[in-house]
Each structure stands twice: as structure tokens, then as C-alpha cells.
Amino acid sequence: MMTTSPTRPPSEYSTLESVAVSTPDEVTFRVRVLPSALPDAPLVLLLPAMAMKAKHYLALAKAFHAQGLSVALTDLRAQGESRPALREGKDFGYREMLEVDLPAIVAGLRQRFPHAPLHLFGHSLGGQLALLFAAAQPTAATSVTVIGTGTVFWRAFGPRRWVEALTSIQWIGLVSRVKGYWPGGVLIPGAMAGGVMIDWSKHSLTSRYRPRGSSVEYDRLLGEMTVPVLAVSLEHDRLGPKSNVDFLVSRLQAAAVTQWHVEGDSPVVHRDHFEWLKDSPVVAQRVAEWIDSGSAFA
């Protein structure tokens, strides 16, 4: 007698409304959205950290939505619901994510939310991408919020961690060159495209953003960008410590920057590079207040 296993019910994330996005080089994204009842409510686009799937930010998205905002979540190229999957398509680096993927994703969201001002929210690598994209496309976003996002320049980590940062990150770059991809391990547990990790390791060595194959002068544009920025650092974040966030913020010479360092008696009690997501309602409330006012908060 044949038996059948029970059908697993769909996840909450997979049942969200989605916007299909395709790029000229045939990469597809499924951008999940939680629309506000108000068509002109601010739209927050969440960009994940390295090797993190967008579905892990669902609680944060729901918390922003509870604040009256529309929210969009998307995986980065070759992660999560993006296709082709890692190692099934061509290698890529920062250039493809910044100059191919994000323009297509933003264009798709403009069609779905034609009256909504767009606010970028990036975690770690997602924050770097948000800042660089906003610098290169100054009319694309109304504001940028980053959390756990700092330069990975080895000297920004502070003298006690210089050797660790220099050797670990350059090892990742070397392995990525030899294998053609990063299989996961030191610092970055998940697999990543080789080109991304090579660009990342070059930035760590020089402090400059010079993606392979790109002619865009990102460092100059970062210094000239005037889009308001909220930069959040976390007390126990070893991957994006305050010193690294401060170094990156110092490059934003023309932008109005609000810095929020989470420490002391903050209602955000989880202050690790990833654990802060457990306090998504608090983070979303504070960021929504900043988006609404554009000013510093206590």
C-alpha cells in the first residue's frame, strides 16, 4: 500500500504578493511586497546582508508595515528566490548588483508603487549597496538607512584587530579567486559569488570602491551624495563595529547623516551583527520616526 507524505503548507513569506523582475542578463528576482493601504505611503526596500535570504527579514518587514509603511523585500543575486542560483549562472561582483540588479528592482517597484517615495534600508553588504546605488543614482531614493554597515578596510577595525581583518579577508579573496566562488567558512559562513568576494577583499585592502568592470567613480560620488542617511551601529557587532561605521560615514561629506549607536539602556537589547533582528519592532519604529521627520532622535 502506497503512502503519501503530508503536504507542507506554504510559508508565510511565500504567500506575500510579489513583483517579478528580470534583468537584461536574464537574472530574475521575486520582490515580495507588503503594501500600505495608502498608495503614497513611504516604501522601504530591504536589502539583505551577505549570504542572508530575504525571508529572514520578514519580521522586520512586518514591523515596518505596522508603522504604516509599504515594504519590499528582495534577495540579492544568486541568493534565495533569485535565479539562476549560485554556481548555476555566470560569476558576478558588485558592478552587476549595483548597475544591473538594483536599477531593475527599483524600476519594478516604481511600476507597482508609482506614488510612493522610496527609502532604502540595507543590512551589512545590503547597506553598502544601498549607499553606493544612492550615490550613483541620486534621484532614485529619498533616504538610506544602514545597520551593521561599515567599511571593511582593514585599518578601520582598530589596531588590535588589524592582523585578523587583513589576513581573514584576504584569505577569503584568495580562495574566491582559486575556486571561482566562496564556499563559506571564515567570517562569512554562507556561499557567495567569487566576484563579490574579490571586490570585497580589494575594498578591504584599499578602502576604495572600485568594482571589477565598472567605470563609475563610487568614492567621489559617495562624497558628493546629498541623500539623507541614518547609520546604525551595534555595541556587540564584530563584523561591522562602530569604528568601521564611523570610517564609512566620514566618506559622506555632503550628506546629512544621523548616527545611532545602540548601547547602554537602548530598548534594542540584541546588539550583535545578526541578533538585532530579534528587536525588529523597536528598530522599525525608530527608523520609521526618522523617515517621517528626517531628524536625529534621542
Trp290 and Thr145: side-chain donor and acceptor closer than 3.5 Å? no
Taking only residues two or more places apart in sequence, or in another chain, which ones meet Arg212 in a salt bridge (Lys or Arg N to Asp or Glu O under 4.0 Å)? Asp91
Could you tell me whether the side chain of Val283 reaches within less than 4.5 Å of the side chain of Leu277, counting heavy atoms only? no
In one Ile/Leu/Val/Met/Phe/Trp/Tyr side-chain cluster, 4.5 Å: Leu174, Tyr181: no
So which atom in Pro48 and which in Met52 form the shortest heavy-atom distance, rounded to 0.1 Å? CB-O, 3.4 Å
Shortest non-hydrogen contact from Ser204 to Val152? OG-O, 2.7 Å
Evaluate the side chain to side chain donor-acceptor pair (under 3.5 Å) criterion for residues Asp237 and His273: first the C-alpha distance (whole Å), next the side-chain angles of each, then the deciding distance (0.1 Å), finally the verdict. CA-CA 5 Å; Asp237 189 346; His273 192 69; 2.9 Å; yes
To the nearest 0.5 Å, atom NE2 of His115 lies from atom CG of Leu38 at 12.5 Å
Going by atom types alone, do His123 and Tyr57 pair a side-chain donor with an acceptor below 3.5 Å? yes
Less than 3.5 Å apart, any donor N or O on the side chain of Ser207 or Arg251 sitting next to an acceptor on the other? yes
Path from Leu73 to Ile105 over hydrophobic side-chain contacts below 4.5 Å: yes
Just jot down the side chain to side chain donor-acceptor pair (under 3.5 Å) partners of Glu17, sequence neighbours excluded, or say none. Arg112
Drop me the distance from Glu96's CD to Asp199's CG, to the nearest 0.5 angstrom. 8.0 Å
Roughly how far apart are Met97 CE and Leu125 CG, rounded to 0.5 Å? 5.0 Å
Leu45 side chain near Phe121 side chain, heavy-atom distance below 4.5 Å: no
Under the side chain to side chain donor-acceptor pair (under 3.5 Å) rule, collect the residues that match up with Ser14, sequence neighbours excluded. Ser11
